[in-house]
Amino acid sequence: MSAKYDGLSLLRRMRRNRASSSVRSLVRENRLSKGNLVQPLFVRGGGGGPDPVESMPGVLRHTLGSLTEECRGLEGRGITAVALFPSIEASKKDPLGTHATSRDNILFKAIRAVKSACPSLLLITDVALDPYTSHGHDGLLNDKGDVDNDSTVVALRKLALAQAQAGADVVAPSDMMDGRVRAIRECLDGEGLSQTSILAYAAKYASGYYGPFRDAVKSGAHAAPLDKRTYQMDPSNVREALLEVKLDEEEGADMVMVKPAGPYLDVIRAVRETTLLPLAAYQVSGEYAQIHAAARLGWLDYATTRDESLLAIKRAGADMIFTYFASEVADSLPQ
Ligand code: PBG
């Protein structure tokens, strides 16, 4: 049978709308733009040069100098927001994470340096104790070895205030303690910082995909992977995510997040349909690492899977995407 054979009388041929890049562009339902992307960045204390994170190709633990240079470059490429995470020397960690609010925490220096180099770049900081605790948990442990909710909230409130005072535009509690959004909001308002926003990591799952991040902030140098299941969510649950979002909304969150992103697209969709707040999704370190690893083995095409992974998160309903790919995809995207 020849390829010209046109024997089927089909009223609807779906392929007509896919026949050229011009028509594909016209009928495209979802698009990424660089204005929706947030670039996570790491800054290191303790001297030495920028230090590559082995499990995250292309990602560095920056010095203050390389961090501000990177931020200028991002701004030049049209990225409008960054999320900053510190990597703290082991010698400064203790069970209470006291270095978190010490005046010489590298994070505060980094916040000031970035805000003075790039005043209009939106700066988001992470409110959790894991970079500072010797055990690597996000909060303070009780005598059973579990993270104690209420004393942790007190410590987090202090950390969020210090970040806001240093110049952070958005504080983002990623710890999953109950009641921390309200505590932080009241504290910021009481200190005259009513303009500082709160992005709540509302539905954050106890995920295996955080491995490379723990490597980056050196919070995972432990014999076994850290078990955070008494505070982060069970990967089986969706309804619970909606309740978490509702509570954070009632406590005063300005934006909410689902994390990880790719393995939780159904949760992103469900949250999108129940909240009126802006919704962020975090394409986490393990999602980034797995694309790099498979591409390195020649098993996946790097750029195709990278772009598809981001588009899928957008299509699921995220308004903004935290992604380690932000910088490299920016040039090919509209504002
Ligand atoms: C910790 C925190 C984590 C990430 C962001 N903040 C790791 C964790 O909860 O163990 C993960 C980000 C990533 O994997 O890219 N407060």
Side-chain angles (χ1 to χ4, degrees), residues 29-30 32 36-38 40 83 124 126-128 130 137-139 146-147 149 152-153 156 170 172-182 184-185 197-214 225-291 305 308-325:
E29 299 175 40
N30 292 284
L32 284 169
N36 299 123
L37 302 180
V38 179
I124 305 170
D126 196 62
V127 184
D130 54 307
H137 281 289
D138 292 28
D146 190 15
V147 173
N149 195 85
T152 296
V153 170
L156 294 174
V170 180
S174 69
D175 56 290
M176 292 298 280
M177 296 303 115
D178 291 319
R180 88 284 206 217
V181 173
R182 179 187 299 275
I184 292 170
R185 184 72 274 156
S197 296
I198 300 178
L199 163 55
Y201 283 63
K204 176 171 175 179
Y205 288 85
S207 171
Y209 287 90
Y210 306 146
F213 174 95
R214 293 181 189 167
L226 275 174
D227 182 353
K228 300 192 176 184
R229 286 177 298 176
T230 70
Y231 48 108
Q232 298 179 345
M233 278 184 56
D234 184 332
S236 317
N237 297 350
V238 180
R239 268 193 340 257
E240 187 186 351
L242 303 184
L243 192 50
E244 281 283 5
V245 166
K246 182 165 172 279
L247 288 169
D248 286 353
E249 205 173 316
E250 288 165 2
E251 289 183 30
D254 298 286
M255 311 171 193
V256 290
M257 181 191 281
V258 171
K259 176 185 175 187
Y264 294 87
L265 296 179
D266 57 328
V267 181
I268 295 174
R269 171 52 46 195
V271 171
R272 176 65 292 154
E273 286 170 5
T274 51
T275 183
L276 297 176
L277 290 179
L279 173 59
Y282 199 141
Q283 184 183 50
V284 301
S285 56
E287 298 177 70
Y288 177 83
Q290 67 186 359
I291 291 174
T305 45
E308 186 178 335
S309 72
L310 291 170
L311 189 60
I313 297 165
K314 182 81 196 256
R315 192 190 63 230
D319 298 303
M320 62 199 112
I321 305 173
F322 283 54
T323 173
Y324 300 96
F325 293 122

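The model shown is predicted, which means the values in this text are computed figures rather than measured ones.
- A distance-only check finds a donor-acceptor pair linking the side chain of Thr274 to the backbone of Val271 [under 3.5 Å].
- With a 6.0 Å cutoff to the six-membered ring centre and a 45° limit on the axis angle, Lys259 counts as a cation-pi contact of Tyr210.
- The minimum heavy-atom distance linking Pro40 with Thr323 is given by the pair CD-O, 3.2 Å.
- Using modelled atom types, one finds a donor on one side chain and an acceptor on the other under 3.5 Å when comparing Thr275 with Glu249.
- Smallest separation of non-hydrogen atoms from Ala128 and Leu156: CA-CD2, 3.6 Å.
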| field | Step-by-step side-chain contact (heavy atoms from CB on, under 4.5 Å) determination, His137 to Leu226 | value | CA-CA 8 Å; His137 281 289; Leu226 275 174; 3.7 Å; yes
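- Between Asp234 and Arg229 there is no salt bridge, since no side-chain N of the basic residue sits under 4.0 Å from a carboxylate O of the acidic one.
- A donor-acceptor contact shorter than 3.5 Å links the side chain of Glu251 to the backbone of Val181.
- By the 4.0 Å N-to-carboxylate-O rule, Lys314 lies too far from Asp319 to be salt-bridged with it.
- For residues 238-284, every residue pair satisfying the ring pair (Phe, Tyr, Trp, His ring centres under 6.0 Å) rule, not counting sequence neighbours, is listed here: Tyr205-Tyr264, Tyr282-Phe322.
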| task | Show the numbers, then the answer: is there a side-chain contact (heavy atoms from CB on, under 4.5 Å) between Asp138 and Val147? | result | CA-CA 8 Å; Asp138 292 28; Val147 173; 5.9 Å; no
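- Side chain of Ser285 to backbone of Phe213: a donor-acceptor contact under 3.5 angstrom is found.
- Side chain of Lys204 to main chain of Ser174: a donor-acceptor pair is present (N/O by atom type, distance under 3.5 Å, no hydrogens or angles).
- Side-chain atoms of Arg239 never come within 3.5 Å of backbone atoms of Leu242 as a donor-acceptor pair (strictly under, hydrogens ignored).
- Without hydrogens or angle criteria, Glu287 side chain to Ala261 main chain gives a donor-acceptor distance under 3.5 Å.
- For the pair Asn149 (side chain) and Asp178 (backbone), a donor-acceptor distance under 3.5 Å is present.
- Ionic pairing of Asp248 and Arg185 is not present here: no N-O contact between side-chain nitrogen and carboxylate oxygen is shorter than 4.0 angstrom.
- Considering only residues two or more places apart in sequence or on other chains, Tyr324 meets the ring-ring contact (aromatic ring centres under 6.0 Å, His included) condition with Tyr288.
- Minimum interatomic distance between Leu279 and Ile268 (heavy atoms only, all atoms of both residues): CD2-O, 3.5 Å.
- Closest non-hydrogen pair, Arg315 versus Arg269, comes out as O-NH2, 3.1 Å.
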